[in-house]
Amino acid sequence: MAEKRAQHAARFDGRELRRALGQYATGVTVVTARAPDGRSVGMTANSFTSVSMDPPLVLWCPGKNSPSLPDFTDASHFAVHVLAADQHHLSRQFATPADDKFRGTPTTPGIAGTPLLDGAVARFQCRTVQRLDAGDHIIFLGEVEQYDADGGAPLVFHSGYYHVATKHPDL
Ligand SMILES: Cc1cc2nc3c(=O)[nH]c(=O)nc-3n(C[C@H](O)[C@H](O)[C@H](O)COP(=O)(O)O)c2cc1C
C-alpha cells in the first residue's frame, strides 16, 4: 500500500497537477455545520457538485487534514452557501484556520441548528447521507432538505484567482 502511494506521488508533479486541475473554473462555497457541542464550523470549498435531482443529492469534499473535519463528521447536517461575487472576503475568512471563523459574521439557525450566512446567491441545507473515503479527502454526500436561491452575480474561482462571471460576448 505504501509502495502504491509512493508510485502515485512520483507519477505527477503535485504543483503541475494542481495547476492543470485549476483550469476547471468553479463557483466558491462556504460549507457550515453545527458541531454536537453547539459550536459553528465552516470552511471554504470549491469541490461542491450537484449529483442527483431525484433524490436531490449534492457532494463536497473536505480534506482529511482539515481541522474542521471531525466536526463535519459528527454533525447530522451541513449547509452549502454559493458565494456572491462581493463575498470574496468570506471565502478568505473561511479558508483561514481560526478558533472562531464566524466572529463578526451574523448567522441564523437552519435545520439542526446549522448556521446560515446571509447574502449567498443560493443555499442548500443538507442531511449527510453518506461519507466516502477518497484518497486524501472525504466525499460528503448530502440530501437537500431545503434550499433558497436569491440569485445574483456568483463568485468564480479559476487558476487560483477570484473572478466574476460575464455572459459570453459571442452568444
Ligand atoms: C477557493 C477555495 C476553495 C477551497 N476548496 C476546498 C475544498 O473543496 N476542500 C478542502 O478540503 N479545502 C478547500 N479549501 C481550503 C480550505 O478552505 C482551508 O484549508 C480551510 O482552512 C479548511 O478549514 P479548517 O481549517 O477549519 O479545517 C479551499 C480554499 C479556497 C480558497
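Counting convention: from 1, in listed order, for ligands and their atoms alike.
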Subject >> Any T107 side-chain heavy atom under 4.5 Å of L117 side chain >> reply: yes
Original post:
Identify the closest protein heavy atom to atom 30 (C) of ligand 1: which residue and atom is it, and at what distance?
Top reply: T44 CG2, 3.7 Å
**OP:** Return yes if some donor-acceptor pair links the side-chain N/O of E16 with the main-chain N/O of F12 below 3.5 Å, else return no.
**Re:** no
Original post:
Nearest to atom 9 (N) of ligand 1, what protein heavy atom do you find, and at what distance?
Top reply: C61 O, 2.8 Å
Original post:
Side chain, backbone, both or neither: which part of Y162 comes within less than 4.0 Å of ligand 1 when only heavy atoms are counted?
Top reply: side chain
**OP:** Would you check whether S47 has a nitrogen or oxygen atom less than 3.5 angstrom from a nitrogen or oxygen atom of ligand 1?
**Re:** yes
**OP:** Report, in ascending order of atom number, the atoms of ligand 1 lying under 4.0 Å from any heavy atom of P62.
**Re:** 11 (O)
**OP:** Can you pull out the closest protein heavy atom to atom 23 (O) of ligand 1? Residue, atom name and distance to 0.1 Å, please.
**Re:** K101 NZ, 2.9 Å
Subject >> Any L69 side-chain heavy atom under 4.5 Å of I138 side chain >> reply: yes
Original post:
Got L83 and T29 here, is their nearest side-chain heavy-atom distance under 4.5 Å?
Top reply: no
Original post:
Taking the inter-plane angle between the rings of Y147 and F124 on a 0 to 90° scale, is it parallel (under 30°), tilted (30 to 60°) or perpendicular (over 60°)?
Top reply: parallel
**OP:** Ignoring angles and geometry beyond distance, decide whether P67 reaches within less than 3.5 Å of ligand 1 through its nitrogen or oxygen atoms.
**Re:** yes
Subject >> Salt bridge present between D13 and R15 (N-O < 4.0 angstrom) >> reply: no
**OP:** Using a 4.0 Å heavy-atom cut-off, say whether F94 meets ligand 1 through its side chain, its backbone, both or neither.
**Re:** backbone
**OP:** Look at atom 26 (O) of ligand 1 and say which protein heavy atom is nearest, naming residue and atom and giving the distance to 0.1 Å.
**Re:** S68 OG, 2.4 Å
Original post:
Charged N to carboxylate O under 4.0 angstrom, R123 versus D148?
Top reply: yes
**OP:** Please write down residue, atom name and distance for the protein heavy atom closest to atom 20 (C) of ligand 1.
**Re:** A95 O, 3.7 Å
Original post:
So which heavy atom in the protein is nearest atom 5 (N) of ligand 1, and how far is it from that ligand atom?
Top reply: N46 N, 3.0 Å
Subject >> S159 vs Q23 side-chain heavy atoms within contact, under 4.5 Å >> reply: yes
Original post:
Taking the non-hydrogen atoms of H137, is any one of them nearer than 4.0 angstrom to ligand 1?
Top reply: yes
Subject >> Heavy-atom nearest neighbour in the protein, as seen from atom 10 (C) of ligand 1, with distance rounded to 0.1 Å >> reply: M43 CE, 3.4 Å
Original post:
For atom 11 (O) of ligand 1, what's the nearest protein heavy atom and its distance?
Top reply: G63 N, 2.8 Å
Original post:
F72 pairs by side chain to side chain contact (heavy atoms under 4.5 Å, CB included) with which of T128, T32, V31?
Top reply: V31
